[in-house]
Amino acid sequence: MNEELLRELNEAQKEVVIYNDGNALVIAGAGSGKTRVLVHKIAYLLQNGYTPNQLMALTFTNKAAKEMKSRIQMLLPHLKANMLWMGTFHSIFLRILRENAVCIGFPDFFSIYDESDVKSLLKSIFKEMKLDEKQYKYSFIRHCISEAKNSLLTPANYIQSPNSVGKSYFLEYPFLGKIYATYTERCKSAGAMDFDDILLYTHLLFKKNPEVLDRYRERFRYILVDEYQDTNLAQHTLIEQIVGKGIKVCAVGDDAQSIYSFRGADIDNILNFRTTFGDCKLFKLEQNYRSTQHIVNASNSLIKHNKMRIPKKVFSTLGDGEKIRIVELFTELEEASWVANKINELYLSKHNSLNDYAILYRTNAQSRTLEDALRKKNLPYRIYGGIGFYQRKEVKDILSYLRLIVNPNDEEAFLRAINTPSRGIGIATISKLHSISLSENISFWDILSEESEFGMNLSMNVKKKLFGFRVLIEELIEDSKHCEMQSLLQNVLVKSGLRADIYANNLPESLDRQQIVEEFIKSASEYSISLLEEEGRVLTLPEFLSEISLATDQDRTEEEEENNKITLMTVHAAKGLEFENIFVVGMQEDLFPYYLSCKSSRELEEERRLFYVAITRAKRRCFLSYSKKAFRFGDSGNVRPSRFLSDIDPSCVESSNSNISGKKSISPYVHYAKWNLTWDNLEAKKDTGNSTSSTSTANTTPSIISKGDELKEGSIIKHERFGVGEVLSIEGEGNDKKIVVRFQEVGTKILLLRFVKYTLVKK
DNA sequence: CTAAGTGCGGTTTTT
DNA sequence: CCGCACTTAG
Ligand SMILES: Nc1ncnc2c1ncn2[C@@H]1O[C@H](COP(=O)(O)OP(=O)(O)OP(=O)(O)O)[C@@H](O)[C@H]1O
C-alpha cells in the first residue's frame, strides 16, 4: 500500500513524505510538487496509524482545501474525508471558536461580519465620534484595524505597546486607537466577529484558557500547512501555540510566491521557521513537473531580478516547448478580442477543453472587457472573484433576517432588516434608537424588547412600526425552532415582505433580483441535501450561516451543466492552480506593476513575484499581452509595456513587436542585509519528543426507510448533482449503510445510502 | 420618510 | 467610470 503511494513521487518528495522524526519544512519553486507532497504525506500518515481527526491541514483558500480533500479522497477512497480537519485557517479556527465561544464571552451563535458590515459599522462610529472623514478615510482606518489584529494586538495593546504597529500613525490620527477600541466593543456587544477576529480571538482563547488549548493538543498530532510564505503573524503564532510536545508541523512554501503582504503576510515566518519550531528538517525539491523548459527558464530569469529571494535550482524534463509570446495591441478592447480569438483558434485546432485555458489579470475590474469579448465569440467562461454571491444585496437582505433569528443582537443585521423592505423606519428613528443604545449600553433589539425603555421620545406611529418588527422577528425565531431550512426560508421571505417587494413587478431589473433569490434558495437546499447524503445530518440555520459566512463566491456549489469553460481570475486567485494555457493581460506599466505598488523596491519586488506566480501557472503555453492605449478614469493615454517584460530572458520569448527589449528597466534596488539569503543560513537545530494516538467520536441519525438493495460493487449510477459514477464498494449495515462512488466529474464520495437520490444506469 | 438626481473623489490584491 | 454623500421635491 505504501509503495503504491510513494511510487507517484520522486526521491526528494518521498523523503518528505516518509520523514517523521521531527518537524519538516519544504521550500521549493513553483510546480515542484509541494502540494502534491502534502497530499501524499497526509495519505501516508493515515495509512500508517494516524486517524483523520489527529491531522489538521491548513490552506489559504477554500478552493485549495476542497482540491486537497478530493485528491486525498482519490488516493484513499474509503477515507471519511470530512473527518479530516482540513480547511482554511479561518474555517478551522472558526470551528474551534464555535466550540468555545463562551470562554471568550461570545454567544454560541455569534455572527460573522463581512466587509460591508464592517464598513457600515465603522462609518457609524466615525459619525458618532464626529470625525472628519476626509482625514479619517475608511479604507485607511480599516487597514489599520486589520493590521492590528493580524499583529495580535488588542485595542489596549495597540494603543499602549511601545512597538505597536500603530505607533507611527497616532500623531496624524490621534483617534485611531479609540476607533479600534470602540469598534471592538461594538462587535462584542453585537455578538459579532470580523474575519481577522477569527484568528485574534482563537489566539486569545488559547492564551487565556490553557485547558482549552490542551484539549486540542491532546487531539491533534500533526499540523500540515500549504503556502506557508503567506502566513501572517496571527497565523504563524497560532501554529506555534499548538505545535510542540509530540505535535509536529510540516509546512511547504516558496518565498518567491509571497504575494499577500498587504494583509500582513510576513515572509520571515517561513525563513525563521526552523528556529521557531526547532527539530526541523529542511527539504528542497528541484524538479518542475508542471511546465516546459522555456516557461521554467522565463520565470527563473524574471525572478532573478529580485534581490530578496532564496536562489533555487529548477529544471524541467518536459522539453523546451513553445516560447512565451508577447503581444502588443492597440486598445484594451482589441486586446480582449485578440485573446478570445486566440483561445478560439487553439481550441479548434488542439481539440482540448476550454478548462485548459485561463485568463489572468492584476485587478478584477479588468474582467469586464474580457467577458464582453468572450460573450461576443460565444465562448463560455467562468469568472472567479469580484463581488461574491453572498454579498449581493438581495442575498444579504435575506441573510440579515436569518442572522437576526440566530443572534438578535447582531447590530448590522438589525439595521439592514428593520427597513428592508421599506417600513417607514428611517434615519430619524434609527438615530434615536442609536442614542438609547449607546447611553443605556444595550442592543437595538433589547430596546425593542424592553417595554419600559420603549416609549421614550418616540411617536405612537413609530412605536407601532417598531413593535410590528419585533413581533415579526419573534415569530420567525419561533418558526426556526420547528421548521426545516426550506420552509423557514419561505416564511422569512413571506413574513418579512421581501417576497412581495421583489415580485411586485416584472421589470427586467426585478427579474434579475428574483433570479438571485431563487438561486439562493436553491443553494441552501443543495447544501442541506448534500449534508444529509454525505453525513446524514439535518442542516440547521446556525450551521448554514456559519458555513456561508466564510464562503467566497467561487466555492458556492454551482451547477455545472456546462463543464467546459474558460477561467477568468486575478493572479492572486490563481496561486496554486495550473492550466495548459495561460493568458496574462494588461502587461503594461501602471497596471502590472500596479501604479499604487511602485513606491518602494519592497512593493515592486512583490509585484514581480506576482508576475512570477502568473507565468508559473502555465503548463505549456503562456501569452503576455498589453495595449498601448489605456483608458483610466475615463480619459485615455499612451502607456508603456510593463518593465517586467524586459526582465525575462529574451531567448524564452517570441515577441510580435519590437519595442519591448529595447528599453532597459530601471531597478534602483535597495539592499536588505537580512535578505541576502542562502540555503546555509536557513539552517537550525533543536529537538522535540514523540507521539502516540487518540480516539474519535460517534454520530447519531434519525431513521428512514432503506432502499438501494439493487446496488453492488461495479454498479453505475447517475446522481442528480454529481453525475455518473461507479460504485466502488458498499459499507456498513442498516441505516449506516454507505456507498463509495467514484464520480467522473467530482471524484470519489461516500454517501449514506438511505438519503442518496440516484438512478441506476447499469446494474 | 422615500426616491431620484447631482457632483465629487478615488481608483489593488483576499480570508 | 463607479460608488458615495448630499440635495431636493413629493
Ligand atoms: N513526482 C511527480 N510525478 C508526476 N507529477 C508530479 C510529481 N510531482 C508533482 N507533479 C505534478 O506537478 C504539478 C505541480 O505540482 P504541485 O501543484 O504540487 O506543485 P507546487 O509546488 O505546489 O506548485 P505551486 O508552488 O505553483 O503551487 C502537478 O500537476 C503535479 O501533479
A.B. asks: How far, in whole Å, is dA5(C) from dT12(B) if one measures between their C1' atoms?
C.D. replies: 24 Å
A.B. asks: Looking only at the side chain of Asp196(A) (C-beta and beyond, no hydrogens), which of the listed nucleotides dT12(B), dT15(B), dT14(B) gets closest?
C.D. replies: dT15(B)
A.B. asks: Ignoring the backbone of Phe262(A), work out which of dT15(B), dT14(B), dG10(B) is nearest its side chain.
C.D. replies: dT14(B)
A.B. asks: So if I take every side-chain heavy atom of His572(A) and compare against dT12(B), dT15(B), dT13(B), which nucleotide ends up nearest?
C.D. replies: dT13(B)
A.B. asks: Any N/O pairs under 3.5 Å between the protein and nucleotides 3-10 of chain C? List them or say none.
C.D. replies:
| unit_1 | atom_1 | unit_2 | atom_2 | d |
| --- | --- | --- | --- | --- |
| dA5(C) | OP1 | Lys123(A) | NZ | 2.8 |

A.B. asks: Could you work out the separation of dC4(C) and dT13(B) based on their C1' atoms and round it to a whole Å?
C.D. replies: 23 Å
A.B. asks: Is Lys130(A) atom NZ crowded by more than 12 heavy atoms from other residues, nucleotides or ligands, each under 6.0 Å away?
C.D. replies: no
A.B. asks: Just to confirm, is there a sub-4.0 Å distance from OP1 or OP2 of dT2(B) to any side-chain nitrogen or oxygen of Ser422(A)?
C.D. replies: yes
A.B. asks: Quick check on dC1(C): is either OP1 or OP2 less than 4.0 Å from any side-chain nitrogen or oxygen of Arg368(A)?
C.D. replies: no
A.B. asks: If you only use heavy atoms from C-beta on, which nucleotide in dT15(B), dT12(B), dT2(B) is closest to the side chain of Arg362(A)?
C.D. replies: dT12(B)
A.B. asks: Distance only, no hydrogens: is a donor on one side chain within 3.5 Å (strictly under) of an acceptor on the other, for Thr363(A) and Gln366(A)?
C.D. replies: yes
A.B. asks: Any cation-pi pair here, Arg98(A) with Phe110(A), using under 6.0 Å and within 45°?
C.D. replies: yes
A.B. asks: Taking ring pair (Phe, Tyr, Trp, His ring centres under 6.0 Å) as the criterion, tell me which of Phe89(A), Phe60(A), Phe273(A), Tyr260(A) meets it with Tyr228(A).
C.D. replies: Phe273(A)
A.B. asks: Tell me which one of Glu605(A), Arg609(A), Glu606(A) satisfies side-chain hydrogen bond (donor to acceptor under 3.5 Å, both in side chains) with Ser261(A).
C.D. replies: Glu606(A)
A.B. asks: Determine whether a donor-acceptor pair (one donor, one acceptor, N or O, separation below 3.5 Å) exists between the side chain of Arg263(A) and the base of dT15(B).
C.D. replies: no
A.B. asks: Below the 4.0 Å mark, does dT14(B) have OP1 or OP2 next to a side-chain nitrogen or oxygen of Thr570(A)?
C.D. replies: yes
A.B. asks: With a cut-off of less than 4.0 Å, is there a side-chain N or O of Asn62(A) near OP1 or OP2 of dT14(B)?
C.D. replies: no
A.B. asks: In terms of heavy-atom contacts, does CZ of Arg186(A) have more than 12 from other residues, nucleotides or ligands at under 6.0 Å?
C.D. replies: yes
A.B. asks: Which listed nucleotide (dC1(B), dT15(B), dT12(B)) is nearest to the side chain of Thr429(A)?
C.D. replies: dC1(B)
A.B. asks: So, applying ring pair (Phe, Tyr, Trp, His ring centres under 6.0 Å) with Tyr169(A), which one of Tyr136(A), Phe140(A), Tyr180(A) is it?
C.D. replies: Phe140(A)
A.B. asks: At under 4.0 Å, does any side-chain N or O of Asn364(A) touch on OP1 or OP2 of dT12(B)?
C.D. replies: no
